[in-house]
Amino acid sequence: MNLFTSLDTFVFLVYFVVVAGYGLWVYRRKKSASTTASHDYFLAEGSLTWWAIGASLIASNISAEQFIGMSGSGYRIGMAIAVYELMAAATLVIVAVFFMPVYLKNRIYTMPQFLEQRYGKAVATTMALFWLGLYVIVNLTSILYLGALAISSIVGIGVFPCMLFLAIFATIITLGGMKVIGYTDVIQVLCLVIGGLVTTWIALDLVATLGQGNGAIRGATELFRSTRDHFNMVLGRNDPNYMDLPGLSTLIGGMWIVNLNYWGCNQYITQRALGADLQTARKGLLFAAFLKLLMPVIVVLPGIAAFALDRAGVLGDAMRVGGELNPDRAYPTLLAMLPAGLKGVAFAALTAAVVASLAGKANSIATIFTLDIYKKNFNKDAAETKMVWIGRVSVVVAMVLAVLIAPFLGIDKKGGFQYIQEYTGFVSPGILAMFLLGFFWKKTTAPAAMFATIGGLVFSIILKFLPDMMDLSLLAPIGFAADNGHGVYEIPFLDRMFIVFWAVVAGMVVISKMGDASKIKALVVDRQLFRVDGAFAFGSAVVCVLVATIYGVWW
């Protein structure tokens, strides 16, 4: 394994200085041009352009769980795992058309604010506390630990020091507020895309040598020929990875729950567009959708290339830890094989992805805590400068907690990407049902929303542990259970989410019908809000056609 050279260190330091310097310049310029109002700090209200919004969305979304976890899934499963990225592109279009107009028309700045405005304070406070716990314990820790693990394997420094470096770097950026995050994310995405494409190119060039050729184009042809089974986009029931990606459910079932909840009901994501006007927000989301279509090339193809190289014996024992195969080693192993200089570029891309995601997540934690917990429950008359100070303190506290607890969660042993998807999947169905009915069915009541909050989690837990209580093999013929590889029939977690979502919707409808309609606080939702201009409609059609074409060719 090649070690980090002085040239790689120089390339990385250039990246570090450029990002830090640009962030400082943006912060000073912002400080001289505006007040330190809380909306300016948390949302960069009116400051982000469409391209900054789109870049920030992708920079915040793409992190260690994609570079490490999804590449690992590419090694183990193949291109089918790219459904998360491809369906996200289509979902971003839906969010831009139907979700964003409702948020902006009703001047919604945080997700708990929407819940309070629609359902009341009890639901809002419950979900605010829940989101804070989820963001710190699941998201922040997994991003931090997987990123540190990858960096540690490349530069030969311990995992904990790498975690400290990432946490401190991200905290510095976050303390500058959303405008600093948004504009530095443009540089982060540029590094991410260039470095990611360089890694993919080199990986494919290495694969080309397996067929006695050279060049990335020849490598792509050789990769497709030698690992044809890794390019099945929809897995059959007999595939050993069916539990992770259960066939058509990835296209018409639970995958929609995952994406609509993540891109439409997630403070971490929607925050980038909530401070803009509708046209700018929509353009930013569409730009992010096009960037999403690049991600399978950047994060999945390298994993498949690592599989081909490992099967040919090129990687030796690099993919094994303690003698056992660890697919999450795929991307770090490829990075270690890059030549001097290029390794620094790829390393900068990985660091950019991790730091941008950490900064975005920390800013969302600060926003929810300050605006929805501190101001509404502890200091309703807090001054603007006081709220900004509280936000910065909460960033530091959240990052310290993540550093302290991340090593004890066993994240690296569970498969990074699946770890995040499954555990957030326990609550996604209830949250999405609560938001969709809150948007589009005026009769939805607060008790129904509280049922979604608690009932969705309870239903998910019951279905998760149902195989321990009864034999589910009878459900196999109708497609709702599959052998998990150990002779036990389970419901795949994507199917579980789909079932729970409709169960929660049914429960909410019944509870709402039985409730007091006079206490309902409906939002302003006008059909005129959902009209789009010709340019956006054309761009959206291109995105959808490209996704459909990919599945049509590689079904």
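Note that the structure is a prediction, hence the values are computed from the model and not measured. Numbering of residues begins at 1 and proceeds along the displayed sequence.
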*Which word best sums up how the rings of Tyr15 and Phe12 line up, parallel for under 30°, tilted for 30 to 60°, or perpendicular for over 60°?*
tilted
*With a 6.0 Å cut-off on ring centres, are Phe287 and Trp51 close enough?*
no
*Thr453 side chain to Ala449 backbone, donor-acceptor under 3.5 Å*: yes
_Heavy-atom closest contact (Met163 atom, Val403 atom, distance)_ = CE-O, 3.4 Å
*Please tell me if the side chains of Leu144 and Leu166 come closer than 4.5 Å, counting only heavy atoms from C-beta onward.*
yes
*asked:* I need the minimum non-hydrogen distance between Lys292 and Leu92, along with the two atoms involved.
replied: CG-CD1, 4.1 Å
*Nearest 0.5 Å please: distance from the CZ atom of Arg392 over to the CH2 atom of Trp389.*
11.5 Å
*Under the 3.5 angstrom rule, does the side chain of Thr200 hit a backbone N or O of Gly196 as a donor-acceptor pair?*
yes
*Assess whether ring-ring contact (aromatic ring centres under 6.0 Å, His included) is satisfied between Tyr75 and Tyr331, documenting all intermediate values.*
CA-CA 9 Å; Tyr75 177 101; Tyr331 203 83; over 10 Å; no
*Passes side chain to side chain contact (heavy atoms under 4.5 Å, CB included), Met233 versus Met79? Steps please.*
CA-CA 6 Å; Met233 297 297 293; Met79 190 54 74; 3.4 Å; yes
*asked:* Below 30° counts as parallel, above 60° as perpendicular, anything between as tilted: where do the rings of Phe98 and Phe530 land?
replied: tilted
*Could you go step by step and tell me if Tyr262 and Tyr84 meet the ring-ring contact (aromatic ring centres under 6.0 Å, His included) rule?*
CA-CA 11 Å; Tyr262 182 84; Tyr84 283 96; over 10 Å; no
*Would you find a donor on one side and an acceptor on the other, under 3.5 Å apart, between the side chain of Asp277 and the backbone of Gln279?*
yes
*Between Asp205 (side chain) and Trp201 (backbone), is there a donor-acceptor pair under 3.5 Å?*
no
*asked:* Quick check: do Met387 and Leu371 have side-chain heavy atoms less than 4.5 Å from each other?
replied: yes
*asked:* For Val299, is there any backbone N or O sitting under 3.5 Å from a side-chain donor or acceptor partner on Ser71?
replied: yes
*To the nearest 0.5 angstrom, please state how far the CG atom of Leu432 sits from the CE atom of Met497.*
8.5 Å
*Does a side-chain heavy-atom distance below 4.5 Å link Ile77 with Leu235?*
yes
*Would Val396 and Val393 count as a side chain to side chain contact (heavy atoms under 4.5 Å, CB included) if you check the C-alpha gap in whole Å, the side-chain angles of each, and the deciding distance to 0.1 Å?*
CA-CA 5 Å; Val396 175; Val393 170; 5.8 Å; no
*Donor-acceptor pair, side chain of Asn106 and main chain of Val102, under 3.5 angstrom*: yes
_Closest heavy-atom pair and its distance - Ala366, Val395_ = CB-CG2, 3.7 Å
*asked:* I want to check something: taking the side chain as every heavy atom from C-beta on, are Arg282 and Leu286 in contact at a cut-off of under 4.5 Å?
replied: no
*Asp372 and Ala128: which non-hydrogen atoms are nearest, and at how many Å?*
CB-CB, 4.4 Å
*Ion pair check, Arg76 and Asp244, cut-off under 4.0 Å*: yes
*For Gly391, does its backbone N or O pair with a side-chain atom of Ser394 as donor and acceptor, under 3.5 Å?*
yes
*Could you go step by step and tell me if Ile373 and Leu132 meet the side chain to side chain contact (heavy atoms under 4.5 Å, CB included) rule?*
CA-CA 10 Å; Ile373 301 296; Leu132 288 175; 4.1 Å; yes
_Would Phe435 and Phe440 count as a ring-ring contact (aromatic ring centres under 6.0 Å, His included) here? Give the steps._
CA-CA 9 Å; Phe435 272 72; Phe440 304 117; over 10 Å; no
*asked:* Once rounded to the nearest 0.5 Å, what's the spacing between atom OG1 of Thr370 and atom NZ of Lys376?
replied: 12.0 Å
*At what distance, to the nearest 0.5 angstrom, does CE of Met295 lie from CG of Leu301?*
12.5 Å
*Would you say Trp263 and Ile94 make side-chain contact, with heavy atoms under 4.5 Å?*
no
*How long is the gap from CG on Leu260 to CD1 on Ile431, to the nearest 0.5 Å?*
13.0 Å
*Go through the steps for Arg531 and Gln528 under the test side-chain hydrogen bond (donor to acceptor under 3.5 Å, both in side chains), then give the verdict.*
CA-CA 6 Å; Arg531 289 188 174 182; Gln528 299 295 324; 3.3 Å; yes
_Just so I know, are the side chains of Phe439 and Phe99 near enough to count as touching, which here means a heavy-atom distance under 4.5 Å?_
yes
*Indicate the atoms forming the closest heavy-atom contact of Ala305 with Ala203, along with that distance.*
CB-CB, 3.9 Å
_Check against side chain to side chain contact (heavy atoms under 4.5 Å, CB included), Ile550 and Leu86_ = CA-CA 9 Å; Ile550 291 170; Leu86 299 174; 3.8 Å; yes
_Treating Tyr119 as the side-chain partner and Gly438 as the backbone partner, does any N or O pair qualify as donor plus acceptor under 3.5 Å?_
yes
*Checking Ser357 side chain against Val354 main chain: does a donor-acceptor pair fall under 3.5 Å?*
no
*Taking side chain as C-beta onward, heavy atoms only, is Met127 less than 4.5 Å from Pro112?*
no
*Shortest non-hydrogen contact from Pro246 to Leu494?*
CD-CD1, 3.6 Å
_Close side-chain approach of Leu251 and Trp256, heavy atoms under 4.5 Å_ = no
*Can any side-chain N or O of Asn259 pair as donor or acceptor with the backbone N or O of Thr91 at less than 3.5 Å?*
no
*Check ring pair (Phe, Tyr, Trp, His ring centres under 6.0 Å) between Trp441 and all other residues, then give those that pass, not counting sequence neighbours.*
none
*Quick one: pull up OG in Ser428 and CZ in Phe493 and give me the separation to the nearest 0.5 Å.*
10.0 Å
